[in-house]
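In what follows, a single structure is set out as structure tokens and then discussed.
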Amino acid sequence: MTSGTVQRTSGADETLYRPGRWLALAVLVLAVLLVAVDATVLGLATPFLSEDLQPTGTQLLWIGDVYSFVIAGLLVSMGSLGDRIGRKKLLLTGSVAFGAVSVLNAYATTPEMMILARALLGVAGATLMPSTLALIRNIFHDPRERSIAIGIWGAMASAGAAVGPVVGGFLLEHFWWGSVFLINLPVMAVLVVVGVKLLPESKNPVAGPWDLVSVALSLIGMIGVVYAIKEAASHGVSWEAGAAALVGAAALYGFVRRQLTLPSPLLDMRLFRNRGFSGAVLADLLTILGLSGLVFFLSQFLQLVQGRPPFEAGLAELPAAIGAVATGLVAGRFARRFSVRSVVAGGLAAMGAALAVLTFIGSSTGYPLLGAALLVVGVGAGFSFTVTADVILSSVPKEEAGSASAVSETAYELGAALGIALLGSIVTGVYRDFATPAGVPAEVASAAHESLGGAVEAAAVLPAQQQAELVGAAQEAFVEGLRLASGVGAAVLLATAAAAWFLLRGQRLADGIEH
């Protein structure tokens with residue numbers, strides 16, 4: 001440690017340099033690895049899931065984003081619950097539930113059952129991420145060590161994004177699609193058994209009671225608003241979307257008003273008075289919004305357009321994770337040497353530029369361009385997300401670490417849900433408008449317009465030439481939608497980079513921040 005950080009004494013060693021803290025971190029990143037793997041394997045499994053369960057295009061979007069919707073609605077509540085009952089207790093309980101519900105996902109037999117299983121997985125997942133970050137805040141008191149720990153935490157999330165497609169691709173080539181969810185079970189078992197012994201318990205000693213009215217308002221508000229955006233993006237403005245938006249907005253307004261009057265609020269709204277905290281949260285939300293829709297459809301592009309088998313498609317996505325792991329580990333050092341805003345804004349601009357390049361892709365685009373763009377996206381994400389997570393945790397007292405972590409993760413999950421809804425709807429909207437080749441039966445054409453996977457399956461009954469024409473038209477429409485979504489994502493990321501440059505002005509990770 002540098003001389004200006006923390007002076008080591010025997011007392012400081014006990015409180016600031018907890019023995020076994022790095023082993024405890026290893027347990028925490030298992031939970032992160034689990035959630036990241038679960039999020040990425042779904043994209044690879046989508047073509048197989050579509051063939052087996054035969055969901056409509058709308059059901060397929062729900063399968064993709066209901067997990068994030070439920071997590072976004074519950075994260076603040078679960079982060080606050082961890083502050084009250086103990087973050088270790090919540091993490092281990094949620095881990096057991098996550099493993100059990102993964103089995104339900106694996107053996108779903110209808111699209112409706114799959115949507116329900118994903119929603120329940122979201123409930124369990126909402127307990128994991130805030131607990132891991134909050135425990136890091138309480139285990140690592142030295143700000144420089146905490147930056148390294150957060151870098152490892154973020155790197156493992158990126159590693160999960162890499163491990164998911166590769167392991168998932170291997171499983172999909174040898175087993176049925178449900179096997180990609182069963183890989184959660186051994187990770188869960190290790191996490192619970194080792195976590196019981198290694199993780200220290202921590203909670204807010206003066207947190208007060210858990211306000212169930214606030215929990216309900218938060219859940220109704222988040223799901224209502226996100227559902228309204230999804231419906232409007234998918235089917236245009238309707239009275240159902242308008243009603244959901246009004247109910248959601250009213251619930252969120254009531255939630256904020258209630259937090260300002262409660263002596264022990266579920267979420268301390270005063271956190272947002274800190275410009276660095278608010279800027280970091282906004283950067284996370286808009287960044288994920290710009291990226292997630294693209295990531296959700298990229299696996300389908302690699303498999304259904306370029307014809308890669310699942311394992312190869314998983315390997316093709318590795319550069320993004322490699323870039324994120326490499327930069328996440330050194331992001332804190334760069335932010336201290338240069339500045340928080342330059343590292344975050346630079347990372348966001350790099351991701352925006354990479355997505356702009358993807359607006360030129362076509363069905364036959366070579367892998368070097370795709371791989372290079374994914375590598376740049378990973379490098380930018382590693383710098384940006386690691387530093388914003390550090391800023392968010394460093395801006396609050398350790399007693400409120402659960403609430404602050406929950407806000408950070410809510411921004412992440414809400415951004416993912418909105419990204420899949422908005423950018424995904426762009427891809428779906430463009431895709432559904434493709435012209436059906438002459439002579440294709442009406443029922444085949446209808447199935448082909450639901451999804452690209454549906455088109456490939458429906459075309460199998462046609463003569464060879466007609467099959468090639470229908471699949472070719474569907475693939476071209478899908479790529480056109482992907483190009484448009486990439487352009488929108490690039491614009492969002494570049495605008496976010498400019499906003500972060502101003503909002504994070506003067507923000508520092510160095511020892512001047514109160515820890």
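Quick note: residue numbers are just sequence positions, from 1.
Rounding to the nearest 0.5 Å gives a distance of 14.0 Å between OG1 of Thr127 and CZ of Arg87. The CG atom of Leu25 sits 10.0 Å away from atom CD1 of Ile150, with the distance rounded to the nearest 0.5 Å. For the atom pair CG (Leu282) and OG1 (Thr496), the distance works out to 6.5 Å, reported to the nearest 0.5 Å. The structure places CG of Leu104 at 11.5 Å from CZ of Arg118, a figure rounded to the nearest 0.5 Å.
Side-chain contact between Trp22 and Ile152: present, with at least one pair of heavy atoms (C-beta onward) separated by less than 4.5 Å. Proximity of Phe301 to Leu370: side-chain heavy atoms (C-beta onward) are separated by under 4.5 Å at one or more points. Contact check for Leu121 versus Ser102: side-chain heavy atoms found under the 4.5 Å cut-off. When side chains are defined from C-beta on, Leu252 does not count as touching Leu217, because their heavy atoms never get closer than 4.5 Å.
Between the side chain of Thr93 and the backbone N or O of Leu90, no donor-acceptor pair lies under 3.5 Å. Here the side chain of Ser278 pairs no donor or acceptor atom with the backbone of Arg275 at under 3.5 angstrom. The closest donor-acceptor contact from the side chain of Asn184 to the backbone of Phe181 lies under 3.5 Å. Side-chain atoms of Ser218 never come within 3.5 Å of backbone atoms of Ser214 as a donor-acceptor pair (strictly under, hydrogens ignored). Remark: side-chain polar atoms of Ser384 are not paired, donor with acceptor, to backbone N or O of Gly380 under 3.5 angstrom. Here the side chain of Ser179 pairs no donor or acceptor atom with the backbone of Phe175 at under 3.5 angstrom. Looking only at distances, a side-chain donor or acceptor of Ser342 sits under 3.5 Å from a matching main-chain atom of Ser339. Using a distance-only test at 3.5 Å, with no hydrogens or angles considered, no donor-acceptor pair links the side chain of Glu312 to the main chain of Arg308. A distance-only check finds a donor-acceptor pair linking the side chain of Tyr367 to the backbone of Ala316 [under 3.5 Å].
Between Leu286 and Val492 the shortest heavy-atom distance is O-CG1, 3.4 Å. In terms of heavy-atom proximity, Ser486 sits nearest to Leu358 at OG-CB, 3.8 Å. The two residues Tyr107 and Met113 come nearest to each other via the heavy atoms O-CE, 3.9 Å. Closest non-hydrogen pair, Ala354 versus Val377, comes out as CB-CG2, 3.6 Å. In plain terms, the two heavy atoms of Ala283 and Leu348 that are nearest each other are CB-CD1, 4.5 Å. Pairing each heavy atom of Asn105 with each of Met114, the nearest pair is O-SD, 3.6 Å.
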For this session: List the steps, then state whether side-chain contact (heavy atoms from CB on, under 4.5 Å) holds for Leu28 with Leu91.
Result: CA-CA 9 Å; Leu28 294 178; Leu91 176 67; 3.7 Å; yes

For this session: Step by step, work out the side-chain contact (heavy atoms from CB on, under 4.5 Å) result for Leu53 and Trp177.
Result: CA-CA 11 Å; Leu53 302 185; Trp177 60 263; 4.1 Å; yes

For this session: Would you please test Ile392 and Asp284 for side-chain contact (heavy atoms from CB on, under 4.5 Å) and show each step?
Result: CA-CA 11 Å; Ile392 289 168; Asp284 279 357; 4.0 Å; yes

Problem set entry | Worked check of side-chain contact (heavy atoms from CB on, under 4.5 Å) between Ser95 and Leu128 | CA-CA 7 Å; Ser95 297; Leu128 301 182; 3.5 Å; yes

Side-chain donor/acceptor pairs under 3.5 Å, residues 318-334, sequence neighbours excluded:
| from | atom 1 | to | atom 2 | distance (Å) |
| --- | --- | --- | --- | --- |
| Thr327 | OG1 | Gly323 | O | 2.9 |
| Thr327 | OG1 | Val379 | O | 3.1 |

